[in-house]
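So that the names make sense, note that chain A is the first sequence line, chain B the second, and so on, each numbered from 1.
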Amino acid sequence: MKTQISMNFIEELRWRGMIHDSIPGTEEFLNENKVSGYIGFDPTADSLHVGNLVPIMMLKYFQQAGHTPVALVGGATGMVGDPSGKSEERQFLSEEVLRYNQECIHKQLTHFLDFDPAIPNPARMVNNYDWFKDIGFLQFLRDIGKHITINYMMAKDSVKKRLEGDSGISYTEFAYQLLQGYDFLHLYQHEQVRIQMGGSDQWGNLTTGTYLISKKLGKEAKAFAVTCPLLTRADGQKFGKSAAGENIWLDPKKTSPYQFYQYWINTSDEDAEKFLRIFSLRGREEQQAIVQQHQEDPGRRQLQKTLAADITLLTHGQEALDKAIELSNFLFSRNTTREALQKLSLDQWEEVSRQSTDTISISRSRLEGGINIVDLLVELGITQSKGEARRSIEKDRSIRINTERWEDSSRQLNMQEVFHNRYFQIQKGKKQRFIVKVVE
RNA sequence: GGGGAGAUACCGAAGCGGUCAAACGGGGCAGACUGUAAAUCUGUUGGCUUAGCCUUCGUAGGUUCGAAUCCUGCUCUCCCCA
């Protein structure tokens, strides 16, 4: 991963549409100094998800601009809970779970940031538990609490909303901003960090940090902050969630590269250009050319394909990307007919099934005597109930076996549909494709 | 502590003794049109051994030939007064 292109970081973010707010003077300061900057990640799950990708890309561009990115995992703050954007008090996670999650997140970040100590600005990873674990409550009150007034803390939007709301806010979450502010101060003093970045919902927390630094270290101490807008989708759905509302994870075990690729390929025209700007490492001119191509021939969906390929490459690597594309082409190509499936070798089927976590299995004994199609669809979880299965077949006419429409809900399916004694395909509608593996 | 309103399917919301598996809207799924876009139009959306049967209208009982609808206890939510 080569990341040594020097550029104006803020300018870069600007054309990519990634600036929501920044402290005055940030651009000049970054142009004159190569510094360290950080973003915090919550260790609330054992994988990052697509929603975390925006801050990750910020760090990526930060590093490309010659600065040093620091990823902070909130081992301590994660134990407390950020009230920003939350209407209710958060549940605690155990220390053990948090630690495991931190490790996983660290691993994932290495895909995006260059941690190689041989380069001048290798990325670093810190965990705020390391400096919080030894601080006593009294010490914290004297060192930090003294510098910030309650008035200041209550003026924050995140706090105000909760004070107005019904469920209130606990002292713990109220104090959260002090913890995050202290993070910045600590990193400022010990890691030469001069800027904190984050989503626009973090603005209040970031400014508490810069405020604390100036209070504690004096006016000469220069600290900056930049936030990016929260990503939205034109259709109003949450960005980074599947139709079912589940997160799209970066962990290939949770969301397969194929599914990941499919998430992006399904991006609407309206969103694709915006997303490409944020997530694609391609430069401005190149992106403009792609957008133009797309406008000339939208049917080719060059924009979505580029978007999906670029992000999948970055997240999962070349090999996984190639396979995701291959599988997508195979499953969605018009040329794929029953005959084409029949021609596939067993190895090819193995390959296809390995890539897709939409692969489901059924035991040979269930199939050999013939199984009712309705029972099969329910057993495989393709439909929720037999009623739905019948509706899909007879009313919607949306079930296809090995690309051919299945018309009769009472007809039995048997080993004749199974290729190489092992695999066959089921489609429900236009977008749901399943590889079924016959197991012993 | 006193008074009032309410809890209906994935969500919102009608229904106020039979014709209610429950109007309508949203969401979901599917079909048509397309480009695995968007918009639009259409169908569908508790389960089953489907001319029928079973389970659902906060929860437990009761009244009735018959209850989502009436009565009682319980739980929870919201509002007003203190």
Side-chain angles (χ1 to χ4, degrees), chain A residues 87-88 164-168 231-239 241-246 248 255-277 290-309 311-312 321 323-337 352 355-356 358 371-401 403-412 425-435:
Chain A
S87 56
E88 290 189 347
E164 287 159 8
D166 298 321
S167 53
L231 262 195
T232 55
R233 278 171 46 150
D235 63 5
Q237 278 197 40
K238 275 218 173 106
F239 170 78
K241 304 268 182 177
S242 71
E246 288 154 353
I248 307 293
T255 301
S256 77
Y258 160 73
Q259 290 172 317
F260 186 85
Y261 179 83
Q262 282 291 319
Y263 176 78
W264 295 103
I265 208 93
N266 277 300
T267 304
S268 70
D269 284 10
E270 218 172 330
D271 292 326
E273 190 182 333
K274 177 170 73 179
F275 291 174
L276 189 74
R277 278 209 304 272
I290 291 162
V291 168
Q292 201 187 335
Q293 267 181 42
H294 180 78
Q295 281 161 354
E296 280 163 12
D297 184 6
R300 278 181 62 206
R301 297 164 16 99
Q302 196 54 46
L303 195 43
Q304 282 90 343
K305 284 179 184 166
T306 308
L307 174 70
I311 306 179
T312 308
L321 169 63
K323 287 181 177 172
I325 292 175
E326 193 189 336
L327 180 59
S328 295
N329 288 342
F330 171 70
L331 289 176
F332 287 96
S333 163
R334 293 239 169 71
N335 303 326
T336 304
T337 59
V352 163
Q355 292 161 42
S356 162
D358 288 339
I371 180 172
N372 189 284
I373 182 72
V374 170
D375 292 336
L376 179 73
L377 290 175
V378 173
E379 266 179 52
L380 294 176
I382 293 172
T383 58
Q384 294 292 313
S385 67
K386 295 182 184 181
E388 190 191 332
R390 282 193 202 94
R391 263 199 306 280
S392 297
I393 293 170
E394 286 166 9
K395 181 87 194 146
D396 298 339
R397 293 166 52 79
S398 60
I399 298 296
R400 287 165 185 272
I401 306 288
T403 76
E404 287 172 352
R405 178 171 282 135
W406 195 275
E407 316 249 0
D408 181 359
S409 63
S410 60
R411 198 178 131 207
Q412 302 245 314
Q425 189 208 32
I426 300 182
Q427 291 166 240
K428 176 166 181 276
K430 211 158 44 164
K431 289 194 183 174
Q432 300 186 54
R433 321 252 158 155
F434 306 90
I435 306 291

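- With both ends at atom P, the span from rC70(B) to rC76(B) equals 23 Å, rounded to whole Å.
- The separation between F275(A) atom CZ and rA37(B) atom P is 16 Å, rounded to whole Å.
- Distance I393(A) CD1 to rC29(B) C1': 15 Å, rounded to the nearest Å.
- As rounded to the nearest Å, rC71(B) and rC78(B) have C1' atoms that lie 24 Å from one another.
- Using Watson-Crick or G-U wobble geometry with both donor-acceptor distances under 3.5 Å, rC65(B) finds its partner in rG18(B).
- Regarding contacts with the backbone of rG28(B), every side-chain N or O of K428(A) stays at 4.0 angstrom or more from both OP1 and OP2.
- Looking at residues two or more places apart in sequence or on another chain, you find a salt bridge (Lys or Arg N to Asp or Glu O under 4.0 Å) between D375(A) and K386(A).
- In terms of the side chain to side chain donor-acceptor pair (under 3.5 Å) criterion, Q384(A) has no residue partners (sequence neighbours excluded).
- Taking the C1' atoms as reference points, rA60(B) lies 24 Å from rC65(B), given to the whole Å.
- Going from atom CG of L303(A) over to atom C1' of rU36(B) covers 15 Å, rounded to whole Å.
- Here the closest heavy-atom approach between residue E407(A) and residue E394(A) is recorded as O-CG, 4.4 Å.
- In this structure, T383(A) reaches neither bases nor backbone, as no heavy-atom distance under 4.0 Å exists between it and the strands shown.
- With C1' as the reference atom, rA5(B) and rC16(B) are 16 Å apart, rounded to whole Å.
- Look at the C1' atom in both rG6(B) and rU59(B): the space between them is 15 Å, to the nearest Å.
- Nucleotides rG15(B) and rU69(B), compared at atom P, are 14 Å apart to the nearest Å.
- Looking at residues two or more places apart in sequence or on another chain, you find no side chain to side chain donor-acceptor pair (under 3.5 Å) involving T336(A).
- Between the CD1 atom of I399(A) and the P atom of rC29(B) there is a distance of 14 Å, given to the nearest Å.
- When the C1' atom is used for both rG17(B) and rA67(B), the distance is 6 Å, rounded to whole Å.
- As rounded to the nearest Å, rG46(B) and rC41(B) have P atoms that lie 23 Å from one another.
- Each of K431(A) and S398(A) has a nearest nucleotide on RNA chain B; the 5'-most of these lies closest to S398(A).
- With sequence neighbours excluded, no residue forms a side chain to side chain donor-acceptor pair (under 3.5 Å) with K430(A).
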Response to the item:
The contact string for nucleotides 43-53 of chain B, one letter per nucleotide 5' to 3', using protein heavy atoms under 4.0 Å with B, S and - for base, sugar-phosphate only and none, comes out as BSS-SSSB---
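- Between the CZ atom of R397(A) and the C1' atom of rU42(B) there is a distance of 15 Å, given to the nearest Å.
- Not a single side chain to side chain donor-acceptor pair (under 3.5 Å) links D396(A) to another residue, sequence neighbours left out.
- Pair assignment for rG6(B): rC76(B), on the basis of Watson-Crick or G-U wobble contacts that are both within less than 3.5 Å.
- For the residue pair S328(A) / Q262(A), a side-chain donor-acceptor distance below 3.5 Å is found, with atom types taken as modelled.
- Rounding to whole angstrom units, CD of residue Q432(A) and C1' of rG28(B) are separated by 11 Å.
- Y261(A) meets the ring pair (Phe, Tyr, Trp, His ring centres under 6.0 Å) test with no other residue; sequence neighbours excluded.
- A straight line from CD1 of I426(A) to P of rA30(B) spans 15 Å, rounded to a whole angstrom.
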With 3.5 Å as the limit, what N/O pairs link the protein to nucleotides 33-35 of chain B?
from	atom 1	to	atom 2	distance (Å)
rU34(B)	N3	K430(A)	NZ	3.2
rU34(B)	O4	K430(A)	NZ	2.3
rG35(B)	O6	D269(A)	OD2	3.3
rG35(B)	N1	D269(A)	OD1	3.2
rG35(B)	N1	D269(A)	OD2	2.7
rG35(B)	N2	D269(A)	OD1	2.5
rG35(B)	N2	Q304(A)	NE2	3.3

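- Look at rG1(B): its Watson-Crick or wobble partner, with both distances under 3.5 angstrom, is rC81(B).
- Between the side chains of Q304(A) and T267(A), not a single donor N or O lies within less than 3.5 Å of an accepting N or O.
- Take E270(A) and apply the side-chain contact (heavy atoms from CB on, under 4.5 Å) test, not counting sequence neighbours, and it matches A234(A), S268(A).
- The separation between Q302(A) atom CD and rA37(B) atom C1' is 14 Å, rounded to whole Å.
- Both the sub-6.0 Å distance and the 45° axial angle are not jointly satisfied by R400(A) relative to the ring of W406(A).
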